[in-house]
Amino acid sequence: MTPDTILILASLAAIGCAVTLGPLVLLVRAVLRTTVAPATIRKWQKPVGWGLGGGFCISTATVGILINGSAAMLAATLGILLLLAILDLAWRWLPYEWTLPLLALGGVSAWANDRITDAFLGLLIGGGTLMVLQITFRVLRGIEALGTGDIWLAAGLGLLAGMPQIPWILCLSAVSALAFSGLSKLTSKPDQRQRLGVAYGTHLILAYLVFLIF
């Protein structure tokens, strides 16, 4: 079995696990709420879910066959990141069923590109920094400033980006999240209370995409 075939199979396994085991139903429901009438959500929920999941799997396989295994890895990675970003925006939730496949993709990518040490350092910096922040806020202030899903996501992005990109990704996402939070407070009415906290996972993903593109 060639390395290219291994990358394609690993990509299909990761995106397949994500769409079959993850809370795709909740994501589809959140999207449908913004596009269709409430009475028709249940009618369209399963068809849209099957179409979305099948589209991710088919697109990953297609680019893998037509281009190469690295392209399949990128397609699967972007697909999982899209799922995470939408669910985080809707429910402030980053499920293990999606963060763990992302970690697996990061590990396979590190092996394929012979950058295991660099990727491992990225994992430690990404996940470790947020874990320290989570523990610090919990001990000193008694609040959950960061969820465990954010830690797993940062660890996965650390594997994918490696060093020295992941510290910059963390900094950019923190600035973006703080700016968004401050802007929300300035533009909201005094009697309005924020129902949910900042979707920090989405800011992490956007920061990673910035470094991926540029």
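Of all the heavy atoms in L32 and I41, the pair that sits closest is CD1-O, 3.7 Å. Closest non-hydrogen pair, S109 versus L160, comes out as CB-CD2, 4.5 Å. The two residues S11 and L105 make their nearest non-hydrogen contact at CA-CD2, 4.0 Å. What you find for T202 and D88 is that their closest heavy atoms are N-OD2, 2.9 Å. Counting all heavy atoms, side chain and backbone alike, L12 lies closest to C57 at CD2-O, 3.6 Å. What you find for A177 and Y200 is that their closest heavy atoms are CB-CD1, 3.8 Å.
Both I135 and L170 belong to a single network of hydrophobic side chains, linked directly or stepwise wherever heavy atoms of I, L, V, M, F, W or Y lie under 4.5 Å apart. Y96 and L83 are not part of a single hydrophobic cluster, where members link through side-chain heavy atoms under 4.5 Å apart. When the side chains of ILVMFWY residues are joined at heavy-atom separations under 4.5 Å, either directly or via intervening members, V31 and I205 end up in a single hydrophobic cluster. In the hydrophobic cluster analysis, where Ile, Leu, Val, Met, Phe, Trp and Tyr join through side-chain heavy atoms closer than 4.5 angstrom, V25 is grouped apart from V48. Residues F137 and V132 do not share a hydrophobic cluster, clusters being chains of Ile/Leu/Val/Met/Phe/Trp/Tyr side chains in contact below 4.5 Å.
The CH2 atom of W152 lies 8.5 Å from the CG atom of L123; values are rounded to the nearest 0.5 Å. How far CG of L146 is from CG of L204: 8.5 Å, rounded to the nearest 0.5 Å. For the atom pair CE of M73 and OG1 of T60, the computed distance is 10.5 Å after rounding to the nearest 0.5 Å. Separation of atoms CG (L157) and CG (L84) is listed at 9.0 Å; rounding is to 0.5 Å.
Judged by distance alone, with hydrogens and angles left aside, the side-chain atoms of R141 form no donor-acceptor pair with the main-chain N or O of R138 at under 3.5 Å. Using a distance-only test at 3.5 Å, with no hydrogens or angles considered, a donor-acceptor pair links the side chain of W98 to the main chain of A18. Side-chain atoms of D118 come within 3.5 Å of backbone N or O of M163 as a donor-acceptor pair. In this structure, N113 contributes its side chain and R115 its backbone to no donor-acceptor pair below 3.5 Å. Remark: side-chain polar atoms of D4 are not paired, donor with acceptor, to backbone N or O of N68 under 3.5 angstrom.
L78 has its side chain within reach of L209: a pair of non-hydrogen atoms, C-beta onward, lies under 4.5 Å apart. Counting heavy atoms from C-beta on, the side chains of V198 and L178 never come closer than 4.5 Å. The shortest side-chain heavy-atom distance between L159 and L102 does not fall under the 4.5 Å cut-off. Side-chain atoms of L24 and L52, non-hydrogen and from C-beta on, do get closer than 4.5 Å to each other. Contact check for I166 versus L121: no side-chain heavy atoms found under the 4.5 Å cut-off. In this structure, T99 and I151 have side chains that are not in contact, with every pair of non-hydrogen atoms separated by 4.5 Å or more. Looking at L206 and S173, their side chains never come closer than 4.5 Å, going by heavy atoms from C-beta outward. Considering only heavy atoms from C-beta on, F56 stays 4.5 Å or farther from I80 through its side chain.
Residue M131 qualifies as open at atom CE: its count of foreign heavy atoms under 6.0 Å is 12 or below. Within 6.0 Å of CZ in F211 there are more than 12 heavy atoms belonging to other residues, nucleotides or ligands.
When each of L172, T129, I125 is paired with P167, the side chain to side chain contact (heavy atoms under 4.5 Å, CB included) condition holds for I125 and for no other.
Using modelled atom types and a 3.5 Å distance limit, the side chains of T5 and T2 yield a donor-acceptor pair.
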task = Please report the C-alpha distance between L74 and L212 in whole Å, then the side-chain angles of each, then the deciding distance to 0.1 Å, and finally whether the side chain to side chain contact (heavy atoms under 4.5 Å, CB included) criterion is met.
result = CA-CA 10 Å; L74 179 60; L212 183 65; 4.1 Å; yes

ask   = So L87 and L94, side chain to side chain contact (heavy atoms under 4.5 Å, CB included) or not? Walk me through it.
value = CA-CA 7 Å; L87 194 67; L94 300 169; over 6 Å; no

message = What verdict does the side chain to side chain contact (heavy atoms under 4.5 Å, CB included) test give for W91 and L26, after you've listed the backbone C-alpha separation in whole Å, the side-chain angles of each residue and the deciding distance to 0.1 Å?
response = CA-CA 9 Å; W91 301 103; L26 289 178; 4.1 Å; yes

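Applying the side chain to side chain donor-acceptor pair (under 3.5 Å) rule to pairs touching residues 41-58 yields R29-Q45, sequence neighbours excluded.
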